[in-house]
Every structure is written in structure tokens, then in C-alpha cells.
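Data block below; observations after.
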Amino acid sequence: AQKVTQAQTEISVVEKEDVTLDCVYETRDTTYYLFWYKQPPSGELVFLIRRNSFDEQNEISGRYSWNFQKSTSSFNFTITASQVVDSAVYFCALSEARDSNYQLIWGAGTKLIIKP
Amino acid sequence: DTEVTQTPKHLVMGMTNKKSLKCEQHMGHRAMYWYKQKAKKPPELMFVYSYEKLSINESVPSRFSPECPNSSLLNLHLHALQPEDSALYLCASSQTMDLQLVGYTFGSGTRLTVV
């Protein structure tokens, strides 16, 4: 069965520290997509990144970076020099093909608290 | 316009009331979704519409009734809800149901309280 595990329920760091959010997934598909979403207190889910299973290059976008390791089935997310505005719940998700359609399997989320 | 707009942002309703949640997008997306999210939990898929037709119903109770009047609009009609239905209801859209092409765009949700 497909599954996404975010073992860190809550992380609290002081502003400007670097922080890594872990995501481990299970799937039998050879082709799949992984996602990260941010959910601030306002409630909206903000798309951060989509990565396909054939692209293992790490990606950097400003202070955000993602490390995709197929060998360990992990897709970790690092925020460098964290800021208070980064405080949110972060979800990792895996696309699942079902009846020719694709749905998301969500991790439980990691609540990130950045203290000033 | 790259947004999904949901109204109202907050709703309090009694168990005998009938109300509707509204979702609108003008990105030309042909797949639209309703999700329910309880506090401290990930979103749970409720319904999927593809090209204005109901494609997926995740065994949602009949007190929730979705409607897709046109390609830009998605409604969720609520009737005889229970207090445990209190949650954040999120609408999302994507170009098609194939997530391999694009991800979802989510609205900011309607926070529903049933009293």
C-alpha cells in the first residue's frame, strides 16, 4: 500500500536556524510524483514543489531546498535561515494512480514553529 | 487569475439548517475537488469533478451534496449536518485529473462550525 510518513509532528527552532523536514514514502509504482505543500494559519494550502520519480536532482528555490533520495524513499525539505513567516504546517504527498486517475496520499504533516 | 476563491470564509450553522459552500476558479481548469480537513490532520478527499461530471465520491454521507453548474463553479450543499462535520472545507482545481501534468491550486477554505 502507498503511504507517506512525516515522523516529526512538531519542530520548533529560533529564527535564522536551518531546519529539515523529513518525508519517507512507500509505493510499488515505478512512476510517481511527490509534492510538498505549506499550510499557514490562514488555511490555504500552498503548492511548493512537485518532483517526479525519474528526476533525482536536488532542487533549490531561494531559502528552500529539497533532497530526493530514491534509495531511501525519502524526499526531505530544508529551509535555510528560517524566518517567522515560515511558521506553518508542511505536508508531503505522493501521487497515486487509481483507475487511470491520480489522487494524493498525504503525510500527517509537520508543524513548524519559528520563534523570533 | 491564478486563484481559487471560496465563500464564505466562515460559516456557523445549526443541525437543521441548509447552507451552501461556493468555489470558483477562472484558470480554465477542468478538474475540481472538495476536501475536508479536521484540525491537525491532512486533507481528506470528498468529491472530484472532471469536465463538470462527478468522477469520484469517496463514500461521503448524503448530507453533503456537490454540484458543478459550469466549468468555473463548484458548490457543496449542506443539509442536516452533525457537529462532527465541523471542519475546514477546501476546494481545489487542476488542469485535468492527471496530477502528473500539474499540481492542485487550493482555495483558502471555509471554516465550518455545526452547532
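In this text the structure is predicted, and so the values were computed from the model without any measurement. Convention: sequence-line order gives letters A, B, ...; per-chain numbering from 1.
Close approach to chain A, defined as a heavy atom under 4.5 Å from one of its heavy atoms, is seen in Gly107(B), Ser108(B), Arg111(B) of residues 107-115 of chain B, taken by number. By a heavy-atom distance cut of under 4.5 Å, not one residue of residues 68-75 of chain B is near chain A. Residues of residues 9-19 of chain B lying under 4.5 angstrom from chain A, judged on non-hydrogen atoms, do not exist here. Interface with chain B: from residues 105-116 of chain A, residues Trp106(A), Gly107(A), Ala108(A) qualify, criterion being any non-hydrogen pair under 4.5 Å.
For the pair Leu90(B) and Gln39(A), the minimum side-chain heavy-atom distance is below 4.5 Å.
Residues Gln37(B) and Phe91(A) come closest through the heavy atom pair NE2-CZ, 3.6 Å. Closest heavy-atom contact between Pro43(B) and Leu45(A): CG-CD1, 3.6 Å.
Around atom CD of Glu84(B), more than 12 heavy atoms belonging to other residues, nucleotides or ligands sit under 6.0 Å away. No more than 12 heavy atoms of other residues, nucleotides or ligands lie within 6.0 Å of NZ in Lys53(B), so this atom counts as exposed by the packing criterion.
A donor-acceptor pair is defined here as one N or O able to donate and one able to accept, closer than 3.5 Å; such a pair exists between the side chain of Tyr37(A) and the backbone of Tyr104(B).
Heavy-atom distances place no part of Glu44(B) under 4.5 Å from chain A, backbone and side chain included.
One finds the NZ atom of Lys40(B) at 8.0 Å from the CD atom of Glu10(A) (value rounded to the nearest 0.5 Å).
Linking Ile, Leu, Val, Met, Phe, Trp and Tyr residues whenever their side-chain heavy atoms come within less than 4.5 Å leaves Phe106(B) and Tyr89(B) in two separate clusters. Each of Val60(B) and Tyr33(B) belongs to its own hydrophobic cluster when Ile, Leu, Val, Met, Phe, Trp and Tyr are linked at side-chain heavy-atom distances under 4.5 angstrom. The hydrophobic clustering, which links ILVMFWY residues whose side-chain heavy atoms are closer than 4.5 Å, places Leu78(B) and Tyr35(B) apart. Hydrophobic clustering (ILVMFWY, side-chain heavy atoms < 4.5 Å, transitive): Val46(A) and Phe77(A) are in distinct clusters. Ile79(A) is not connected to Val14(A) by any chain of hydrophobic side-chain contacts under 4.5 Å among Ile, Leu, Val, Met, Phe, Trp and Tyr, and they are in different clusters.
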